[in-house]
Structure formats: structure tokens, C-alpha cells
Amino acid sequence: MSLLHSNKRTHRCGELRATDIGTPVAVYGWVQSYRDHGGVVFIDLRDRTGLLQLRCEPTPHAAAHAIANTVRVEWVVAAIGTVISRGNNANPKLPTGTVEVAVEALEVLSEALTPPFEIKDGLETNENLRLQHRYLDLRRPELSRNFVLRSEAMQWTRQYFTAEHGFLELETPILMKSTPEGARDYLVPSRVHPSSFYALPQSPQTFKQLFMVSGMDRYLQICRCFRDEDLRADRQPEFTQLDLEMSFVTQEDIEAVLEGWVALIWQRALGVEVKLPLRRMTYADAMDQYGCDKPDLRFGLPLHDLTARLRGRVEFRVFVDVFDAGGIVKALPLPPSDLITRKDLDKTFPAEAAPFGAKGVAWARVGAAGPGGVLEWSGPVAKGVSEALRAELNEVLGLVEGGLVLFVADKPAVVNASLARLRLVCGERLGKMDPKAWSFLWVTDFPMFEWDEGAKRWGAMHHPFTSPRADHIGLLDTDPGAILAQAYDLVCNGTELGGGSIRIHRTDVQAKVFRTLGLSDEEAREKFGFFLDALQYGTPPHGGLAIGFDRLLMLLCGAHSLRDVIAFPKTQKATCLMSESPNTVDERQWAELHIAPRRV
RNA sequence: GGAGUGGUAGUUCAGUUGGUUAGAACGCCGGCCUGUCAAGCCGGAGGCCGCGGGUUCAAGUCCCGUCCGCUCCGCCA
């Protein structure tokens with residue numbers, strides 16, 4: 001009879017310690033490695049909790065030793081024996097290193113092909129190969145560890161919101177209605193209704209609001225969302241969202257509940273005490289000072305808008321042309337450092353800024369004080385700047401001898417995007433991105449609408465159910481661009497963890513917002529009729545937010561890609577190399593769904 | 001849709017101005033070995049150089065195309 005039936009597992013591999021010496025055990029796992037000394041055979045046994053050394057000697061358990069001689073890497077084995085001390089032969093690298101199991105019986109439960117890559121940490125194998133054999137990649141401790149934390153974080157999250165804050169965990173449909181706003185939908189053709197399609201949820205936005213209309217009061221879901229857009233290291237076509245909604249609350253109430261959760265997760269996962277309340281910054285300030293709406297505030301290096309100071313006062317050709325075209329100039333002052341070289345100024349920085357539309361990066365090096373007592377400049381910008389202006393800029397930018405200033409001049413969007421990027425590049429180069437530092441902030445007061453130049457219409461910056469600030473509702477008729485929304489994003493170390501808003505709970509305001517977005521009453525009814533109907537039956541003031549759960553895990557795990565925290569991720573072309581999805585299907589299936597392949 | 005980058009034994013890589021039989025390390029297979037833990041020693045096997053064209057006396061190397069991975073721009077309310 002197999003050991004599996006006669007000897008239930010007593011311990012996981014990583015659990016045994018010196019206090020277990022003398023204990024009879026039954027252990028199960030994968031062979032990490034074996035070392036055959038002719039006599040004694042050592043086997044490192046692995047499961048997701050760690051490694052354990054087995055010792056098999058020829059006597060008195062000859063049968064076990066004979067089997068030990070045959071085992072190979074990644075075979076699955078069971079062993080029974082006794083925990084003994086390793087004495088002077090302890091291995092300080094392993095948590096179980098002070099003990100080993102003197103094996104009395106050994107059984108091979110499963111043989112294994114030689115794996116296509118070694119199952120160990122720190123290997124730099126082709127991502128291709130790893131994704132094809134994802135189940136093997138997941139055996140690697142540095143990866144499986146991420147999923148242990150993922151599981152724990154989910155449990156802490158459910159516990160916190162349901163038991164401590166009165167949330168209900170509720171589910172919403174996966175087969176939903178397609179609406180053309182936002183990201184591209186994944187569509188599912190209906191068999192029963194020819195030419196009709198379901199859409200997979202980009203987020204359960206309307207449904208969670210309907211839960212508030214239903215009186216569920218507080219809703220929580222850890223839900224899968226789908227967006228058919230191109231991938232990035234931090235974007236997968238399906239991802240997991242912590243979705244929340246609350247009734248009878250203000251923005252501050254929602255932020256407070258979330259902050260408590262953030263503190264709890266960081267405390268339990270990393271032992272880090274997050275100081276509450278979290279920092280807040282308006283969208284306008286973030287754009288002005290950091291050029292983006294998710295600044296990494298582990299370090300300073302703020303940007304300075306010099307447009308007003310420089311216009312009409314510099315001869316530097318590039319700036320003059322940009323001013324004539326209505327553009328702006330912003331500066332990124334940097335402290336003295338030999339970590340930033342001439343090559344960076346000439347090559348790296350322009351290359352980093354180019355993808356955002358910047359035609360170049362101007363710069364000035366700050367030298368010693370000249371005859372007039374003003375720090376001198378060298379570099380492309382230096383010549384066109386008078387001594388008086390230089391003195392002024394030295395003061396405003398806080399420049400010191402040996403320092404450096406980077407300038408980008410262009411349209412505001414280009415200037416902000418490229419300098420935001422350069423700020424991160426310099427922060428990294430100057431060693432200011434401490435992986436153990438955690439800088440959270442709420443970005444608040446987002447604009448309600450942004451002008452879509454291509455479509456010549458207003459678009460919702462967050463989504464069309466976001467409530468304007470109460471005192472800005474009047475501007476819906478006069479100046480939509482000036483309206484600020486009751487919307488907020490949670491940012492950590494330059495990553496947008498999530499965002500949300502107070503929702504519109506008045507039908508008249510919702511109707512006006514749709515109109516501003518260029519949706520006629522008929523169009524709004526067609527798309528969101530069920531939702532607008534519901535709002536008329538007594539809607540509580542409500543709001544909520546959604547957190548990108550995978551991105552949160554990325555931060556907690558120190559992962560550089562979402563793929564490291566999603567068990568079975570897709571490639572950049574949205575395929576699964578392991579299961580080979582998506583795949584073609586039988587023509588009969590096309591026919592059933594009333595669709596036909598398009599001739600290419 | 002666009003830009004960049006990579007693809008050579010199972011794996012990670014090297015491979016010169018185009019020039020003998022494409023190498024190394026690790027892994028794998030066999031043998032020896034009773035305290036290893038990156039075990040050690042001896043021996044061995046293992047290659048559609050991503051794929052398809054082209055240039056050339058000769059292509060892993062040069063040119064064109066294509067497929068796949070990754071990073072980024074566009075896109076992601």
C-alpha cells in the first residue's frame with residue numbers, strides 16, 4: 001500500500017526545526033536536488049513552504065536507499081523517517097538547516113521529465129519558455145511566494161471590509177451589456193439572440209451603484225475585469241479589481257476606510273506602519289509640480305513653470321519660438337552629482353523625452369559665482385540669459401554650484417509628460433527611489449471633463465457617473481472645462497493603485513452631464529436607460545472606488561511585471577502560450593452564434 | 001498602428017573583417033565516491049544557429065521579408 005494511504009503527511013517541508021528532533025514524520029514533495037555519495041544519498045525535498053534535506057543510508061533501510069539512488073530532479077516522492085540533528089553539518093542557508101530526516105521508507109509517487117529550465121530562483125530564462133511551462137515557473141519560490149501573499153491579502157481584505165466595516169460581498173454579472181464608452185469591450189455573441197452580443201465587464205460600475213439603490217449600503221467585490229486594449233508590463237487584458245461602493249458617505253469617509261485598509265495590508269504584508277492620514281494633493285498641483293497625476297513622492301525634484309518669468313526675457317531661439325506658438329517652458333533643477341554625465345544630457349535624456357513629443361532637452365550647468373556674485377551658467381541655455389534673470393532663476397530654482405537644470409519647451413502636454421519622465425529617470429539615477437520607502441497620496445479635484453480634440457467634444461475624465469463638486473454644478477451650462485469632480489486617485493510610489501468618485505444621485509444632474517458629453521437623451525436612454533430609471537426610485541448619495549489588486553500585489557512583492565502576480569498571464573499579444581488561447585473554433589460554433597468568419 | 005530590443009545544444013551565453021569539424025558553463029546520461037548542500041572525480045550524448053527568400057566560391061555572421069518574447073508610444077472613460 002502506498003505511503004499516501006498509510007502515512008498521512010505530518011509536516012510541510014519548510015516547517016521542521018530543531019524542536020522537532022526525534023519526531024517521526026511523513027513528508028511529501030518534489031526532488032529539488034540529490035547528492036549521491038555512493039553510500040549516503042542526500043535529497044533536498046521541496047514544497048511551497050521550503051526545502052528539507054532527506055538522508056538515505058544503505059543500512060539499515062536498504063530498500064529506501066535503493067530507491068534514493070534512482071530519483072531524479074522534480075520527481076514527486078514521499079518519505080517517512082525521523083527528524084535528526086545535523087550537528088556540525090547544519091546548513092545556515094536553509095530555515096530547516098539544523099535538521100534532516102533520516103529516511104526509513106521512500107516511495108516514488110511520480111516520475112518527471114527533465115524540466116526545460118531549472119526550478120530555482122534568480123534564473124534569467126526566456127520569458128517565452130517560462131510562460132509555456134507556467135506550472136513549472138510557479139514552482140520557483142520567488143514566484144510562488146507572490147501567490148501566497150496574494151491569497152493572504154485577499155483574506156485580510158475581505159475580513160477588513162466585511163467584518164469590521166459592514167460591507168457585503170456581492171457578485172455582479174460577467175455577461176453584461178456593451179457600451180461604447182471607455183476601453184474596447186471583449187464581446188460574447190449570443191446564441192439565442194442573433195446579432196446580439198454580451199460584453200465582459202470593464203468594471204461593474206453601474207451594477208455596484210444599483211446595489212446602493214437596492215439598499216445594500218456597502219458593497220465589496222474582488223472581481224475580474226476585462227479590457228481589450230494593448231498590453232504593458234502593468235496592464236493585462238483581464239485583471240482583478242477590489243471594487244467598493246458605499247451609501248450615505250462623503251469623499252472623506254471613503255478615503256478614511258481605504259486608508260485603514262492600506263495601513264492594515266502594509267502592516268501585515270511588510271510590517272510597515274503607514275502614517276495616517278495619507279497625504280493629499282490636487283490634480284492641478286500634481287500636474288504643475290510633477291507633470292503627471294501620479295507623482296512618485298519618495299523624492300522631491302519638483303518641476304518649475306518658468307513661462308511667465310522667461311517670456312520676452314530670453315534670446316534662446318527654441319524658447320522664443322515656443323512662446324510665439326503659445327507653448328510653455330518648465331525646468332527640472334537637479335542637485336550637484338557626477339552620476340549625471342554629458343552623455344545623459346546629449347543622448348539619454350533627449351531619447352527618454354522623445355516618445356512624448358519633446359524635440360529636445362535644453363540644459364544649463366551651474367558654475368561658480370562670477371564677478372557680479374551671481375552663479376555662472378554653461379550649456380545651451382546660458383548665452384541667452386541675462387545676469388539679472390540668471391540671479392532670479394538661481395534663487396527660484398534653488399540652484400547651487402555644480403548643479404544642473406533641465407528645460408523642456410513645447411505644448412503643455414508635451415512639457416509635462418517629458419519632464420515627468422525625466423524626473424523619474426533622474427530620481428532613479430540619483431538613487432532616490434528607495435524600494436523600501438512607501439509614499440502614498442490621494443490625488444484629488446480632478447477636472448470633470450477633458451476636451452477631445454479629435455472628436456471635438458467633451459469626454460469624461462473619470463466616468464460619466466462621477467459627481468461634480470456641488471458648487472460647480474451650475475457650470476455645466478456655462479463652462480464645463482472649469483468643473484472639478486469629486487474624484488480621487490490613490491497613488492503609491494508613482495503607481496496609480498486605484499481611483500473612485502462620489503457618484504451623481506440626482507437624475508437632473510446626470511442628464512446634464514450626459515448632454516455635456518454629447519449624448520442625446522435618446523442615446524443616454526438606449527445605453528443607460530435601466531440605470532437612469534433606477535436613479536428615479538430613491539437613490540442614496542453614494543460613492544466608491546476600485547483598486548487594481550494586481551498592481552497592489554506588484555508593489556508589495558517588488559515585482560516589475562503584472563505577470564509575476566497573475567498566475568496564468570497573457571503575453572503582449574494577449575495570448576496564453578501555455579494553453580494556446582485564443583484558438584480557432586469549429587465552423588458549427590460560428591453558425592450557432594449567427595456569425596461568419598470574415599475573409600481576410 | 002508605430003519605435004526599440006532579443007531569438008545559436010535542455011538552459012544561460014560566446015562566436016572576430018563572411019572562411020576548416022559552431023564553442024564554454026550549467027543541466028542531462030553512464031561510472032566512481034558515506035556528510036554533501038553550486039557536492040566532487042572520470043567518461044559520454046546532445047545543434048533546422050526562430051522561419052523563408054536573397055547576395056556570395058562560401059552566411060550563425062551581410063541584405064530583404066516574416067514569426068515569436070520583452071520594453072515603450074498610440075490606446076487603456
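Chain letters run A, B, ... following the sequence lines, proteins first, then strands; residues in each count from 1.
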* Out of A/D44, A/V41, A/V101, which residue meets the side-chain contact (heavy atoms from CB on, under 4.5 Å) rule with A/L54? -> A/V101

* Distance below 4.0 Å between A/T571 side-chain N/O and B/G69 OP1 or OP2 -> yes

* Given that A/S85 and A/P115 both sit by RNA chain B, which one's nearest nucleotide is further toward the 5' end? -> A/P115

* Asked: Rounded to the Å, how far apart are A/N126 CG and B/U5 C1'?
  -> 13 Å

* **Distance-only donor-acceptor check, side chains A/T172 and A/Q221, under 3.5 Å** => yes

I'd like a table of atom pairs between the protein and nucleotides 36-40 of chain B - only N or O on both sides, under 3.5 Å - with the distance next to each one.
residue	atom	partner	partner atom	Å
B/U36	O4'	A/H37	NE2	3.3
B/U36	O2'	A/R35	NE	3.4
B/U36	O2	A/R35	NE	2.5
B/U36	O2	A/R35	NH2	3.1
B/U36	N3	A/Q53	OE1	2.9
B/U36	N3	A/Q53	NE2	3.1
B/U36	O4	A/Q53	NE2	2.8
B/U36	O4	A/R86	NE	3.3
B/U36	O4	A/R86	NH2	2.4
B/C37	O4'	A/R35	NE	3.2
B/C37	O2	A/Q53	OE1	3.4
B/C37	O2	A/R86	NH2	3.1
B/C37	O2	A/N91	ND2	3.0
B/C37	N3	A/R86	NH2	2.2
B/C37	N4	A/R86	NH2	3.3
B/C37	N4	A/N89	O	2.5
B/A38	OP2	A/K93	NZ	2.9
B/A39	N6	A/D36	O	2.7

* If we call it a pair only when both distances are under 3.5 Å in a Watson-Crick or G-U wobble match, what pairs with B/C62? -> B/G54

* At under 4.0 Å, does any side-chain N or O of A/R235 touch on OP1 or OP2 of B/U71? -> no

* Take the protein atom CD of A/E118 and the nucleotide atom P of B/C26, then report the distance between them rounded to whole Å. => 11 Å

* To do: Give one of base, sugar-phosphate or nothing for A/T96, where a contact means two heavy atoms less than 4.0 Å apart.
  => nothing

* Thinking salt bridges, do A/K294 and A/E496 make one under a 4.0 Å N-O criterion? -> no

* Asked: Can any side-chain N or O of A/T575 pair as donor or acceptor with the backbone N or O of A/T571 at less than 3.5 Å?
  -> no

* Looking only at side-chain atoms of A/V73, point me to the closest of B/A77, B/C28, B/C72. => B/C28

* When you look at CZ of A/R134, are more than 12 heavy atoms from neighbouring residues, nucleotides or ligands closer to it than 6.0 Å? -> yes

* Taking CD from A/Q205 and C1' from B/C76, how many angstroms apart are they, rounded to a whole number? -> 16 Å

* **Most 5' of A/D230 and A/K573 on RNA chain B, judged by nearest nucleotide** => A/K573

* **Whole-Å distance separating the CZ atom of A/F117 from the P atom of B/G7** => 20 Å

* Taking only N and O in the side chain of A/R227, is any of them less than 4.0 Å away from OP1 or OP2 of B/A77? -> yes

* Asked: Paired with B/U5: which nucleotide, if any, by Watson-Crick or G-U wobble criteria at under 3.5 Å for both distances?
  -> B/G69

* Structure fact -> Between CG of A/L129 and C1' of B/C70 the distance, given in whole Å, is 14 Å

* **Counterpart base for B/A22, defined by Watson-Crick or G-U wobble contacts under 3.5 Å** => none

* Asked: Is any side-chain N or O of A/T59 closer than 4.0 Å to OP1 or OP2 of B/U34?
  -> no

* **Whole-angstrom distance between B/A45 and B/A39, as gauged at atom C1'** => 23 Å

* Asked: If we take the P atom in both B/C75 and B/G60, what is their distance in whole Å?
  -> 44 Å

* In whole angstroms, how far is the C1' atom of B/A77 from the CZ atom of A/R503? -> 12 Å

* Asked: Thinking salt bridges, do A/R469 and A/D445 make one under a 4.0 Å N-O criterion?
  -> yes

* What distance, rounded to whole Å, do you find between the two C1' atoms, one in B/U55 and one in B/U61? -> 14 Å

* Between B/A59 and B/G54, how far apart are the P atoms? Round to whole Å, please. => 12 Å

* **Nucleotide nearest A/P355 when distance is taken to its side chain, options B/C73, B/A77, B/C68** => B/C73

* Structure fact -> Of the candidates B/U71, B/U11, B/G69, the side chain of A/R563 sits closest to B/U71

* Basic-acidic side-chain contact under 4.0 Å: A/R525, A/D533 -> yes

* Could you measure between the two P atoms, the one in B/C32 and the one in B/C70, and give it in whole Å? => 46 Å

* Asked: Separation of A/F514 atom CZ from B/A77 atom P, in whole Å?
  -> 16 Å

* **Output field: ring centroids A/W458/A/W451 closer than 6.0 Å** => yes

* With both distances kept under 3.5 Å, what pairs with B/G44, Watson-Crick or G-U wobble? -> B/C28

* Asked: For A/R72 and B/C29, is the shortest distance between a side-chain N/O and OP1 or OP2 below 4.0 Å?
  -> yes

* Indicate, with a heavy-atom threshold strictly under 4.0 Å, whether A/S203 touches base, sugar-phosphate, or nothing. => base

* Asked: Between A/Q572 (CD) and B/G69 (P), how many Å, whole number?
  -> 8 Å

* Considering only atom C1', compute the distance from B/G40 to B/U34 and round it to an integer number of Å. => 13 Å

* Using a cut-off of 6.0 Å, state whether more than 12 heavy atoms not belonging to A/E229 lie near its atom CD. => yes

* Interatomic distance at C1', B/U71 relative to B/C63, whole Å -> 27 Å

* Asked: Say you pick atom P in B/G44 and the same atom in B/C26; how far apart are they, in whole Å?
  -> 15 Å

* Asked: With a non-hydrogen cut-off below 4.0 angstrom, is A/R130 in contact with a base, only sugar-phosphate, or nothing?
  -> nothing

* When we call it a touch if two heavy atoms are under 4.0 Å apart, what does A/E57 touch: a base, just sugar-phosphate, or nothing? -> base

* To do: State whether A/D20 and A/R17 are salt-bridged, where the test is any N-O pair (Lys NZ or Arg NE/NH1/NH2 against Asp/Glu carboxylate O) under 4.0 Å.
  => no

